[in-house]
Amino acid sequence: MNRMILVPIDISDTELTDRVIKHVEAEARIDDAEVHFLTVIPSLPYYASLGMAYTAELPAMDELKAESESRLKEIVSKFNIPEDRIHFHITEGSPKDKILAMAKSLPADLVIISSHRPDITTYLLGSNAAAVVRHAECSVLVVR
Ligand code: ADP
């Protein structure tokens with residue numbers, strides 16, 4: 001089985017992705033690895049916390065998924081990796097839980113993740129990145 005790399009992408013954050021690209025490209029060249037890009041749509045409690053109390057105000061999940069997928073594909077088009085080794089995954093839920101679940105199920109040999117959003121400087125490791133570093137059973141490359 002080929003080496004498998006999992007790259008979680010927060011589609012709301014473009015700047016962060018740029019820093020990750022060169023690391024992913026370099027790792028993807030080793031043993032012709034398969035690269036799995038994953039974006040997680042935060043589920044309902046997240047929107048509720050923004051004050052959107054009624055489900056009627058929420059866009060349909062199918063719509064959100066389709067939008068997220070095209071945004072993810074747009075971001076991934078910046079990566080120089082052979083197309084037949086790129087895989088896309090869109091799920092809904094808690095980002096950290098879904099990233100860890102996918103790392104386990106692939107199973108991933110390596111997760112490449114950004115440490116945090118560039119505009120948040122108080123913490124050197126965001127909550128999703130921290131959980132992945134702590135709980136993943138495989139190696140994790142944290143890009144700063
Ligand atoms: P911050 O709170 O500063 O955004 P995070 O730990 O949430 O820090 O984000 C760090 C990295 O975790 C992101 O660059 C991305 O790789 C991953 N990540 C965060 N949210 C998601 C998401 N919704 N889907 C996929 N990956 C995510």
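Whatever order the structure lists ligands and atoms in, that order sets their numbers, starting from 1.
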>> Can you tell me which portion of Pro8 lies within the under-4.0 Å heavy-atom range of ligand 1? Options are side chain, backbone, both, or neither.
In response: both
> Arg71 and Glu74: salt bridge (charged side-chain N to carboxylate O under 4.0 Å, His left out), yes or no, with the steps?
Replying inline: CA-CA 5 Å; Arg71 181 77 194 107; Glu74 198 181 308; 2.9 Å; yes
> Counting heavy atoms only, which of Val142, Leu38, Ile112, Asn128 comes nearest to atom 9 (O) of ligand 1?
Replying inline: Asn128
> Does an N or O anywhere in Ala129 fall below 3.5 Å from an N or O of ligand 1?
Replying inline: yes
> If you take all heavy atoms of Met1 and Pro107, which pair is closest and at what distance?
Replying inline: CE-CD, 4.1 Å
> Does an N or O from Val40, backbone or side chain, lie closer than 3.5 Å to an N or O of ligand 1?
Replying inline: yes
>> Tell me every residue that passes salt bridge (Lys or Arg N to Asp or Glu O under 4.0 Å) with Arg85, counting only those two or more places apart in sequence or in another chain.
In response: Asp32
> Under 4.0 Å from any heavy atom of Ser127, which atoms of ligand 1 are there?
Replying inline: 6 (O)
>> One residue to check: Ile11. Relative to ligand 1, which of side chain, backbone, both or neither has a non-hydrogen atom less than 4.0 Å away?
In response: neither
>> Using a 4.0 Å cut-off to any heavy atom of His116, which atoms of ligand 1 qualify?
In response: 3 (O), 8 (O)
> Which of the atoms in ligand 1, numbered in the order shown and given with their element, are less than 4.0 Å from a heavy-atom of Ile9?
Replying inline: 24 (N), 25 (C), 26 (N)
> Roughly how far, to the nearest 0.5 Å, is CD of Glu92 from OG of Ser43?
Replying inline: 5.0 Å
> Is Glu34 salt-bridged to Arg3, going by a charged N under 4.0 Å from an acidic O?
Replying inline: no
> Does the pair Asp109 and Ile5 meet the rule for a side chain to side chain contact (heavy atoms under 4.5 Å, CB included), with working shown?
Replying inline: CA-CA 6 Å; Asp109 297 282; Ile5 302 173; over 6 Å; no
